[in-house]
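Note that this is a predicted model, so its numbers are computed, not measured. We count ligands from 1, going down the list as the structure has it; atoms in each ligand are counted the same way. Nothing fancy with the numbering, it's 1 onward along the sequence.
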Amino acid sequence: MTTILLTGFEPFGGDTANPSGDAVDIVRGRWDGAEALITAILPVAFAGAEAELARLVADHSPDVVIAAGLAGNRAVVSVERVGVNLIDARIPDNAGSQPIDEPSIEGAPAAYFATLPVKAIAHDIAAAGIPSEVSHSAGTFVCNHVLFRALHLAADRRAMRAGFIHVPWSAEHAPSPDAAALPLADIARALEIAVRTSIRTTEDSRISGGTIS
Ligand code: PCA
């Protein structure tokens with residue numbers, strides 16, 4: 001049976017909510033696919049998140065891993081194309097750790113590309129009326145670390161594909177009325193589409209998703 005691991009994150013940086021975790025819970029609650037959907041809410045801590053991810057992958061041997069996190073400065077659902085081997089934390093993680101200019105994994109490649117069909121996912125989310133794009137940077141905090149770690153694990157597990165989706169604030173929990181946000185239901189729907197498209201599509205679509213700067 002096909003197994004999907006879908007993760008979100010707990011709140012961080014003093015916020016009281018994280019729409020990625022809230023959306024993952026919604027997707028799990030209504031999943032009716034034939035595939036096994038495993039979900040988890042990861043701690044926003046470099047060491048804790050990587051340990052939890054490694055445990056989940058070892059326990060469930062997923063075919064597809066989709067991690068999701070909040071990018072509070074973005075207005076659209078961002079399907080990440082690349083994870084870099086770099087931690088440069090602007091704020092401490094939830095365990096008080098703030099590494100600066102350290103590799104995610106010593107001696108590993110500088111970067112890995114996501115192995116999910118990122119163009120097809122962004123296209124399918126947008127086709128459902130939810131703004132979405134391919135992104136070329138997942139930042140240098142815990143989200144990028146989890147993406148890089150997942151792709152490093154995937155490099156040794158040929159049956160496993162992995163990627164990351166950054167979501168905006170949910171309208172329900174945005175920190176200010178003018179913060180860019182989407183309804184939580186749309187964020188959950190976007191993650192569900194990402195899961196279904198990843199299962200269905202092994203060859204990505206050849207559509208432009210690049211940037212000039
Ligand atoms: N967003 C942070 C970490 C957890 C989350 O939801 C990030 O983008 O790195």
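The existence of a salt bridge linking Arg74 and Glu80 is confirmed by a sub-4.0 Å separation between a basic side-chain nitrogen and an acidic carboxylate oxygen. Ion pairing between a basic and an acidic side chain is recognised when a charged N comes within 4.0 Å of a carboxylate O; Asp25 and Arg28 show such pairing. Under a 4.0 Å N-O distance rule, the pair Arg200/Asp124 qualifies as a salt bridge.
Within ligand 1, the atoms closer than 4.0 Å to a non-hydrogen atom of Asn18 are 5 (C), 6 (O), numbered from 1 in the order shown. The ligand atoms of ligand 1 that sit less than 4.0 angstrom from a heavy atom of Val44 are 3 (C), 4 (C). Atom numbering of ligand 1 starts at 1 in the shown order; those under 4.0 Å from a heavy atom of Leu70 are 1 (N), 2 (C), 5 (C), 6 (O), 8 (O). Close approach of ligand 1 to His166 is summarised as follows: ligand atoms under 4.0 Å from at least one heavy atom of the residue are 7 (C), 8 (O). The distance from ligand 1 to the heavy atoms of Gly69 drops below 4.0 Å at these ligand atoms: 6 (O).
Counting protein heavy atoms only, atom 7 (C) of ligand 1 is closest to Cys143 SG, 2.8 Å.
The number of heavy-atom neighbours closer than 6.0 Å to NE2 of His173, taken from other residues, nucleotides and ligands shown, is 12 or below. Atom CZ of Arg158 is surrounded by 12 or fewer heavy atoms from other residues, nucleotides or ligands within 6.0 Å.
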